Amino acid sequence: MLSTPPESRVLVVLADHGQFYLQDLDAHDRWMRTTGAHADLPPAGWTAEAVNVHRIGVEPHSLSIGTARSDHVETTLRFCESAPPLDPEAEHSVEADLELLGDDLAIYGPADDPGREQHVPATAGGYRVRVSYVPSEPPALRNEHEAGDYFHYAIDLWPRVTPTALEVLKQGPDPW
């Protein structure tokens, strides 16, 4: 049990093209300039398996979180000391590693202009990240004409000791 409650932030993000990002912007940008633009790599880590099974795309210093709607979505970002219990209400839960070289974690959508990201201070290092898709009511800020279910995207981060492979902890229905 945690001796202190985890630090958490509730954010609203415009998930354009059904996704938003968690990134170490500087480290990911350096990787993109040297390697990421390679034609054999899927954009934002979106392999066929990522789209249909994981619902997250993984690249160095970046996670792309797939969303059920291209709309404003609510997310809770929570820093924990260790892996928290699984959310029993989550329809889908997946974990992956994220390496932060700097002390800043950016959260933004593909339509956000550079410099308009939301920033959360974070200690540099390796993290395990769990993304849980929890069914929810529509958020106050939404586009009622967009298709797709409403989810709250709960994101838990905690320090990892050794790199670990991506793992789906609870598989949601396909298609969503």
Side-chain angles (χ1 to χ4, degrees), residues 1-11 13 15 19-38 40-67 73-110 117-134 151-172 174:
M1 182 160 195
L2 295 174
S3 58
T4 59
E7 179 185 341
S8 66
R9 303 245 177 130
V10 176
L11 306 166
V13 182
Q19 64 185 319
F20 66 93
Y21 309 120
L22 297 178
Q23 285 183 351
D24 177 328
L25 282 174
D26 292 336
H28 187 258
D29 185 51
R30 284 191 301 274
W31 177 79
M32 286 294 292
R33 284 194 310 266
T34 59
T35 308
H38 195 277
D40 292 338
L41 296 174
W46 286 117
T47 63
E49 186 177 17
V51 170
N52 296 310
V53 179
H54 310 151
R55 298 186 186 171
I56 64 171
V58 179
E59 289 183 319
H61 318 291
S62 177
L63 293 179
S64 301
I65 312 301
T67 62
V73 298
E74 292 181 348
T75 183
T76 301
L77 186 69
R78 195 167 69 148
F79 288 90
C80 306
E81 293 177 5
S82 60
L86 283 175
D87 185 334
E89 295 183 23
E91 183 177 282
H92 181 83
S93 293
V94 60
E95 289 181 1
D97 288 349
L98 178 63
E99 188 74 26
L100 300 179
L101 300 182
D103 59 0
D104 180 71
L105 178 62
I107 300 95
Y108 66 101
E117 308 89 4
Q118 297 179 67
H119 295 269
V120 175
T123 303
Y127 288 87
R128 191 67 175 166
V129 180
R130 179 182 302 148
V131 182
S132 298
Y133 294 67
V134 181
F151 287 96
H152 182 88
Y153 300 88
I155 302 170
D156 294 311
L157 298 94
W158 62 92
R160 67 157 166 73
V161 177
T162 57
T164 306
L166 184 146
E167 181 180 7
V168 176
L169 304 173
K170 185 174 183 181
Q171 182 64 56
D174 182 27

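Every value quoted in this text rests on a predicted model; they were computed, and no experiment measured them.
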Participant: For F20 versus I107, what's the shortest heavy-atom pair and its separation?
Facilitator: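 That would be CD1-CG2, 4.1 Å.
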
Participant: Could I get the full list of side chain to side chain contact (heavy atoms under 4.5 Å, CB included) partners for D29, not counting sequence neighbours?
Facilitator: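 Applying side chain to side chain contact (heavy atoms under 4.5 Å, CB included) to D29 gives R33.
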
Participant: Counting only N and O atoms by type, is there a donor-acceptor contact under 3.5 Å from the side chain of H92 to the main-chain atoms of H54?
Facilitator: yes

Participant: Any side-chain to backbone donor/acceptor pair from T34 onto W31? Under 3.5 Å, distance only.
Facilitator: yes

Participant: Taking the side chain as every heavy atom from C-beta outward, state whether K170 and S132 have any atom pair closer than 4.5 Å.
Facilitator: no

Participant: What is the minimum heavy-atom distance between G125 and Y127, and which atoms define it?
Facilitator: O-CD1, 3.5 Å

Participant: Do V131 and L22 come within less than 4.5 Å of each other through their side chains, counting heavy atoms only?
Facilitator: no

Participant: Which heavy atom in Y108 sits nearest to a heavy atom in Q23, and how many Å separate them?
Facilitator: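 In terms of heavy atoms, the two residues are closest at OH-OE1, 2.6 Å.
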
Participant: Would you say the side chain of R78 lies within less than 4.5 Å of the side chain of P84, judging by non-hydrogen atoms?
Facilitator: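 In short, these two side chains touch, coming nearer than 4.5 Å.
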
Participant: Looking at CG of D103 and CG of D26, how far apart are the two atoms once the value is rounded to the nearest 0.5 Å?
Facilitator: 9.5 Å

Participant: A50 and I56: which non-hydrogen atoms are nearest, and at how many Å?
Facilitator: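 In this case the closest contact between A50 and I56 is CB-O, 3.3 Å.
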
Participant: Evaluate whether atom CD of E89 has more than 12 neighbouring non-hydrogen atoms of other residues, nucleotides or ligands under 6.0 angstrom away.
Facilitator: no

Participant: Rounded to the nearest 0.5 Å, what separation is found between the CG atom of L25 and the CG atom of L100?
Facilitator: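 Output value for this atom pair is 10.5 Å.
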
Participant: Please confirm whether the backbone N or O of G66 pairs with a side-chain atom of Y133, one donor and one acceptor, at under 3.5 Å?
Facilitator: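 Yes: the side chain of Y133 pairs with the backbone of G66.
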
Participant: Walk me through whether L157 and L105 qualify under side-chain contact (heavy atoms from CB on, under 4.5 Å).
Facilitator: CA-CA 11 Å; L157 298 94; L105 178 62; 4.1 Å; yes

Participant: Please round to the nearest 0.5 Å and tell me the distance separating atom CD of E167 and atom OG of S93.
Facilitator: 10.5 Å

Participant: Using a distance-only test with no angle check, is there a side-chain donor-acceptor pair under 3.5 angstrom linking Y21 and E117?
Facilitator: no

Participant: I'd like to check E95 versus T164 (side-chain heavy atoms, cut-off strictly below 4.5 Å). Are they in contact?
Facilitator: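 Answer no - side chains too far apart.
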
Participant: Can you spot which of L63, L166, I65, V58 makes a side chain to side chain contact (heavy atoms under 4.5 Å, CB included) with V94?
Facilitator: L166

Participant: Taking L101's backbone N and O only, do any of them form a donor-acceptor pair with D24's side chain (distance below 3.5 Å, no angle check)?
Facilitator: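 Yes: the side chain of D24 pairs with the backbone of L101.
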
Participant: Check this for me, if you would: do R160 and E99 make a salt bridge, where the nitrogen-to-carboxylate-oxygen distance has to be below 4.0 angstrom?
Facilitator: yes

Participant: Which atoms form the tightest heavy-atom contact between V13 and T75, and what is the distance?
Facilitator: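 Shortest heavy-atom separation between V13 and T75 comes out as CG2-CG2, 4.1 Å.
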
Participant: Determine yes or no for a side-chain-to-main-chain donor-acceptor pair under 3.5 angstrom, with E74 supplying the side chain and V10 the backbone.
Facilitator: no

Participant: Would you check if the side chain of D156 reaches a backbone N or O of R130 as a donor-acceptor pair within less than 3.5 Å?
Facilitator: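 Side chain of D156 to backbone of R130: no pair is present.
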
Participant: Looking only at heavy atoms, what is the nearest atom pair of E59 and P43, with distance?
Facilitator: OE2-C, 4.3 Å

